[in-house]
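The structure appears right after this line, and notes come after that.
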Amino acid sequence: MIAMVDCNSFYASCEQVFRPDLKGRPVAVLSNNDGCIIAKNKEAKALTHIPYRDPLFKIKGLLAQNDVTLFSSNYTLYGDMSDRVMNVLREFSPAVEVYSIDESFVDLSGMTHVDLNAYGHQIKNTIVQRTGIPVGVGIAPTKVLAKLANRISKKVAHFDHVFVMDTEERRIEALNWAETKDIWGLGKKHVERLAHIGVFTAYAFTEVPLAWVRKEMTVVGERLWRELNGESCIPFETLPRKKKAIGTAKSFGKKLDNLPQIEEACAYYISEVSEVLRSQKCCCTQLRVYLTTNYHSTNDVQHADKTIVTLSVPTNDTFMLIVEAKKALKRIYKPGFKYKKVGVDLLGLIPEEQVQGNLFMPEATGDKRLIKAFDAINNRYGKSTVSAGLSGTSKSNKEWELIKEERSPRYTTQWDNLLEIGKG
DNA sequence: TCTGGGGTCCTAGGACCC
DNA sequence: TCTGGGGTCCTAGGACCC
């Protein structure tokens, strides 16, 4: 059996851990740039007339009327809280697959003599006690069924956030309860296609001929179908997979039309992603840069373009990548547009030790000492203690920077706050 | 004025290799 | 006159996840 453990309203719950005064009151967390709502706690979800995707400026009045407390997103805090939750989980099984920031699969296959329902409650209670984060626990024979069990644990009140799918009757009952859209892996398009042939429940989906599923929904659909029928075919992965791409793209705080400002943002993003690349001990063989105007805007003339550079020698050196990115950016930048976002992706990642030099430009592999010193300083004294000048300095006027008006304090990662909490 | 960000997997088609 | 068969790699587009 596999347990799927999922934190409730994770980002909102993280904020509430440090704001007990907000207990019982509606809380919502905002996207980057405070653009729209991306997480709501239970009380905020109950205010059904407040939508997720609407831009903040359109619903600000509504939020104020309902006394909703807003937070800008604080991913450092959520990442830290996530680590705490996952570490508690590891006490319950030697095999834990961290699936996302707020979800894990827990392998319970050895526990044949354990009362799984009681064990599920024990997991749930221990996590909330140690971290303050409420969770739901779904236990079933396959990953897709465990995801469904988790959903039921939360949606059907009398299960009290723990549901075990341990009999064939319960599996059938669960499949009949679930709509196709409730199934992990069935998105909007597939749900529509299934509705077209009269399939609306998970159970009905499991009755669709496999040949149709394979043809219309590829091998991905076939796996879902088999998993729902109780046949496990999505492997359990305890070790985190090596990344295949590392990218970042963030909307600017305001629209920009001049190249130097965009270059500065681009250089800053390159330094962020190349740091991640080095932490994985990898180099990239390709670099993608893209640039877009605000596609929501109906007044502005639109322009979007992208380009991929294949590097003469794979690298993870911030400075070399900035040089390449600037060249790439110049190729796709056209003056006279109001740009909203620049993005960079590092592609074709290979382990550092597999980098092959270039016969014609042996010096292209660069001097590793500088970048090593660079990382050592930033690891010791904090992010951006030293940075590439091209990515802007603390004194430069970074018009591209994100807006975060409501960010909570760095409760778990800033020394002053740790001291305060220590005193408390 | 203001509308998120970071990923993965699969397939088809084109270009190319011997 | 007659023009194969077995592959790989890359890219774009689609679909999905949190």
Side-chain angles (χ1 to χ4, degrees), chain A residues 4 6-7 9-11 28-39 51-61 63 70-75 78-79 82 97-105 143-144 147 150-151 180-194 213-224 234-235 237 240-256 269 272-273 276-277 280 285-286 288 290 292-300 306-308 310 338 340-349 399 402-406:
Chain A
M4 155 46 55
D6 181 328
C7 302
S9 316
F10 184 57
Y11 296 167
V29 177
L30 304 171
S31 67
N32 273 343
N33 270 326
D34 295 348
C36 63
I37 292 174
I38 54 169
Y52 275 95
R53 296 288 162 170
D54 276 18
L56 183 64
F57 69 90
K58 280 195 187 164
I59 55 171
K60 237 177 173 162
L63 292 165
L70 296 176
F71 290 93
S72 298
S73 38
N74 184 347
Y75 292 105
Y78 312 148
S82 174
E97 175 182 336
V98 177
Y99 175 70
S100 76
I101 195 163
D102 72 332
E103 289 174 47
S104 269
F105 290 104
K143 280 186 169 179
V144 178
K147 281 286 273 190
N150 182 286
R151 188 179 180 84
T180 44
K181 69 173 169 51
D182 298 331
I183 299 301
W184 179 47
L186 290 186
K188 201 166 164 242
K189 296 283 173 182
H190 287 328
V191 167
E192 276 171 17
R193 222 168 290 169
L194 286 166
V213 174
R214 174 74 200 212
K215 184 162 171 286
E216 300 295 323
M217 301 167 67
T218 77
V219 68
V220 180
E222 175 167 351
R223 275 200 286 262
L224 285 179
I234 301 177
E237 297 176 70
R241 271 191 264 178
K242 282 262 176 208
K243 281 197 197 306
K244 295 177 177 172
I246 299 169
T248 192
K250 285 174 274 246
S251 299
F252 305 133
K254 57 192 240 188
K255 292 179 203 163
L256 296 178
Y269 297 160
E272 282 188 326
V273 291
V276 176
L277 187 64
Q280 306 228 334
T285 57
Q286 288 186 316
R288 175 163 58 201
Y290 55 98
T292 68
T293 48
N294 183 359
Y295 56 85
H296 292 294
S297 168
T298 45
N299 311 328
D300 297 327
K306 61 177 186 299
T307 182
I308 294 186
T310 299
K338 292 176 183 161
K340 185 59 184 169
K341 187 196 281 191
V342 68
V344 297
D345 290 315
L346 306 181
L347 310 169
L349 310 190
E399 302 205 44
L402 293 175
I403 297 165
K404 281 185 187 256
E405 285 183 351
E406 317 282 350

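Chain identifiers are assigned alphabetically (A, B, ...) following the order of the sequence lines, protein sequences preceding nucleic acid strands; residue numbering begins at 1 within each chain.
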Considering every strand and a 4.0 Å limit on heavy-atom distances, what is the contact class for [X]: base, sugar-phosphate, or nothing?
{"X": "A:K255", "result": "sugar-phosphate"}
{"X": "A:D54", "result": "nothing"}
{"X": "A:D102", "result": "sugar-phosphate"}
{"X": "A:R223", "result": "sugar-phosphate"}
{"X": "A:L30", "result": "nothing"}
{"X": "A:K340", "result": "sugar-phosphate"}
{"X": "A:I308", "result": "nothing"}
{"X": "A:K341", "result": "sugar-phosphate"}
{"X": "A:K188", "result": "sugar-phosphate"}
{"X": "A:K244", "result": "sugar-phosphate"}

*Does the distance from a Lys or Arg side-chain N to an Asp or Glu carboxylate O, for A:K340 and A:D300, drop under 4.0 Å?*
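Not counted as a salt bridge, because no side-chain N and carboxylate O are separated by less than 4.0 Å.
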Can you check the [X] [atom1] to [N] [atom2] distance for me, whole Å?
{"X": "A:Y269", "N": "B:dG7", "atom1": "OH", "atom2": "P", "answer": "14 Å"}
{"X": "A:E237", "N": "B:dT8", "atom1": "CD", "atom2": "P", "answer": "12 Å"}
{"X": "A:I101", "N": "B:dG7", "atom1": "CD1", "atom2": "P", "answer": "12 Å"}
{"X": "A:L346", "N": "B:dG5", "atom1": "CG", "atom2": "P", "answer": "17 Å"}
{"X": "A:N74", "N": "B:dG5", "atom1": "CG", "atom2": "P", "answer": "16 Å"}
{"X": "A:R214", "N": "B:dT11", "atom1": "CZ", "atom2": "P", "answer": "6 Å"}
{"X": "A:R241", "N": "B:dG7", "atom1": "CZ", "atom2": "P", "answer": "14 Å"}
{"X": "A:L347", "N": "B:dC9", "atom1": "CG", "atom2": "P", "answer": "14 Å"}

Using a cut-off of less than 4.0 Å, is there contact between a side-chain N or O of [X] and OP1 or OP2 of [N]?
{"X": "A:N294", "N": "B:dT3", "result": "yes"}
{"X": "A:S73", "N": "B:dG5", "result": "no"}
{"X": "A:R193", "N": "C:dA15", "result": "yes"}
{"X": "A:R288", "N": "B:dG6", "result": "no"}
{"X": "A:S251", "N": "B:dG5", "result": "yes"}

*For B:dT11, what is the paired nucleotide under Watson-Crick or G-U wobble rules, both distances under 3.5 Å?*
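Its partner is C:dA12 (Watson-Crick or G-U wobble, both distances under 3.5 Å).
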*Would you say A:M217 and A:L186 make side-chain contact, with heavy atoms under 4.5 Å?*
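Counting from C-beta outward, A:M217 and A:L186 do come under 4.5 Å.
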*If each of A:L56 and A:K243 is mapped to the nucleotide of DNA chain B with the nearest heavy atom, which maps nearer the 5' terminus, i.e. the 5' end?*
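Looking at the nearest nucleotide for each, A:L56 comes out on the 5' side.
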*Starting at the 5' end of DNA chain B, which residue's closest nucleotide do you reach first, A:T218 or A:N32?*
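Going by which nucleotide is closer to the 5' end, it is A:N32.
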*Starting at CD of A:E216, measure out to NZ of A:K189 and round the result to the nearest 0.5 Å.*
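Going from CD on A:E216 over to NZ on A:K189, the span is 14.0 Å.
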*Rounded to the nearest 0.5 Å, how far apart are CG of A:N74 and CG of A:L30?*
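Reported value, rounded in 0.5 Å steps: 12.0 Å.
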*asked:* When the P atoms of C:dC18 and B:dT3 are compared, how many Å lie between them, rounded to an integer?
replied: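 It comes out at 25 Å once rounded to the nearest Å.
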*Would you indicate which nucleotide in B:dC10, C:dC16, B:dG4 comes nearest to any side-chain atom of A:H190?*
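Per side-chain heavy atoms of A:H190, the pick is C:dC16.
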*Where is the tightest heavy-atom contact between A:L347 and A:A245, given as atom of each residue plus distance?*
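Closest approach of A:L347 to A:A245, heavy atoms only: CD2-CB, 3.9 Å.
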